[in-house]
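Below is one structure, written out as structure tokens; the observations come after it.
By convention here, the first residue in the shown sequence is residue 1. All heavy atoms count here, side chains included; hydrogens, waters and symmetry mates do not.
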Amino acid sequence: MIKKLLIANRGEIAVRIVRACAEMNVRSVAVFAEPDRHALHVKRADEAYFIGEDPLAGYLNPRKLVNLAVETGCDALHPGYGFLSENAELAEICAERGIRFVGPSAEVIRRMGDKTEARRSMIKAGVPVTPGTEGNVANVEEALAAADGIGYPVMLKATSGGGGRGIRRCNSREELAQAYPRVISEATKAFGSADVFLEKCIVEPKHIEAQILADSFGNTVHLFERDCSIQRRNQKLIEIAPSPQLTPEQRAYIGDLAVRAARAVGYENAGTVEFLLAEGEVYFMEMNTRVQVEHTITEEITGIDIVREQIRIASGLPLSVKQEDIQYRGFALQFRINAEEPRNNFLPCFGKITRYYAPGGPGVRTDTAIYTGYTIPPYYDSMCLKLIVWALTWEEALARGSRALDDMRVQGVKTTATYYQQILANPDFRSGQFNTSFVDNHPELLNYSIKRKPGELALAIAAAIAAHAGL
């Protein structure tokens, strides 16, 4: 069993891993750059080590992180999500230094991180994929010729992309010609690779992903699916498990496809297979070789601790569950509470949290690294917390989500919470029938007013009086 674990990440996912370690009697080691000196993951871990003044360099230096793991007596490293979580070099260096990497092998990361190679692997395994180019396109002329054959609209995608970046929908030759240099530039900056390919754009699909777990003994299971259709510019906002849009037959089919995909590439640890569903057809989109931001809702409906399973698998232990033992119950929703102003084109809103109050009650969970007095730094993702609700029925889950959003207080920065209240009240969303175009098709959701609650107004007046009096 792993005894000491270095967490090569920050924020709420680092706190989440620290908590799993505490329950498993595994000593946790945090790392932090200067902006994170007072971060919650630093306070909660058993040990914490400084990795530099630069906000990003330390988190993105695989050899430095593994060296630190060795120096501090760790026998494992968990990459979390983002940063180096899907970096094959990090997994390779861990293997070289005798540090267990809590994730799949470097070979699998590299294979599934290359979107064209992933497509070829899925085709070979009999998993349906969207029509597209067999490999990368060399230049804009080749892209234009390929798009003529595929048919517009098409998606121009970075081969090494992820997290919704390096993707452009192109509805015509003119749009493709304009988008090509932009995607090349974005892909080079974000992923260090200028490789791109084309896929047929599936218009207004449902975005469905399946959570899988696989151990080193050949056991692979799925934990059912999550619906990630509520998104903006390929960035997920609200996630749901299970999807209210699937039939039992579709649910079983997608789960089986995910297991088949994982087995085809020799996958080990936790991963997510993402699909598009349109007009009854299912298409493989990509595989994420890491824990997902939205793993929480799968935990809520199945009762399975995914991070705990990750650590067990990396320790060389078999899965603690078999497929026939895995059941789901009720519905769970996750709201990504971002420090953004929705009515100002979702402009990030960094700054000091003057007051934070976490909602509670039955079926409510918050995963976060913020606290009253914490300053959200401008160098990282704008998500400040994840609000998760669970209930036995879809209608109860919606009501609980609305109540929990209303209970929550995050003051000092603007957030997306009120916008999510608008979504929960929308008849199309409440009907359980929506797709990835929901946000674009409902611009009226931004026409809300922010009315300050009496308690908040009293607090603001008291603070103003205290400041005026020099208290």
TODO: Could I get the full list of salt bridge (charged side-chain N to carboxylate O under 4.0 Å, His left out) partners for E186, not counting sequence neighbours?
DONE: R168
Open item on the list: Between the side chains of K157 and E286, is the shortest nitrogen-to-carboxylate-oxygen separation below 4.0 Å, so that they form an ion pair?
Closed with: no
Task: Residues R16, D305: salt bridge by 4.0 Å N-O rule - done: yes
Task: Under-4.0 Å salt bridge between R260 and D256 - done: no
Task: Polar contact flag, side-chain donor to acceptor under 3.5 angstrom, E86-T289 - done: yes
- [ ] Can you label the angle between the F434 ring and the F438 ring as parallel, tilted or perpendicular, going by 30° and 60°?
- [x] perpendicular
Open item on the list: Can you tell whether the side chains of E23 and R308 come within less than 4.0 Å, N to carboxylate O?
Closed with: no
Open item on the list: Using side chain to side chain donor-acceptor pair (under 3.5 Å), reason through S172 and E174 one step at a time and then give a plain yes or no.
Closed with: CA-CA 5 Å; S172 64; E174 292 74 23; 3.3 Å; yes
Task: Parallel, tilted or perpendicular: rings of Y328 and F224 (30°, 60°) - done: perpendicular
- [ ] Please check if atom CD in E324 has more than 12 non-hydrogen atoms from other residues, nucleotides or ligands closer than 6.0 Å.
- [x] yes
TODO: Can you measure from CZ (F429) to NE2 (H442) and round to the nearest 0.5 angstrom?
DONE: 11.0 Å
TODO: Could you tell me how the ring of F83 sits relative to the ring of Y59: parallel (under 30°), tilted (30 to 60°) or perpendicular (over 60°)?
DONE: parallel
- [ ] Give a yes or no on this: more than 12 heavy atoms of other residues, nucleotides or ligands lie within 6.0 Å of atom CD of E444.
- [x] yes
Open item on the list: Would you compute the distance between atom CZ of R226 and atom CD1 of I297 and round it to the nearest 0.5 angstrom?
Closed with: 6.0 Å
- [ ] Return the minimal non-hydrogen interatomic distance between T133 and F197, and the atom names on each side.
- [x] OG1-CB, 3.5 Å
Open item on the list: Between R336 and E294, does any side-chain N to carboxylate O distance fall below 4.0 Å?
Closed with: yes
TODO: Please assess S402 against Q421 for the test side chain to side chain donor-acceptor pair (under 3.5 Å), listing each intermediate value before the final yes or no.
DONE: CA-CA 6 Å; S402 181; Q421 287 278 31; 2.9 Å; yes
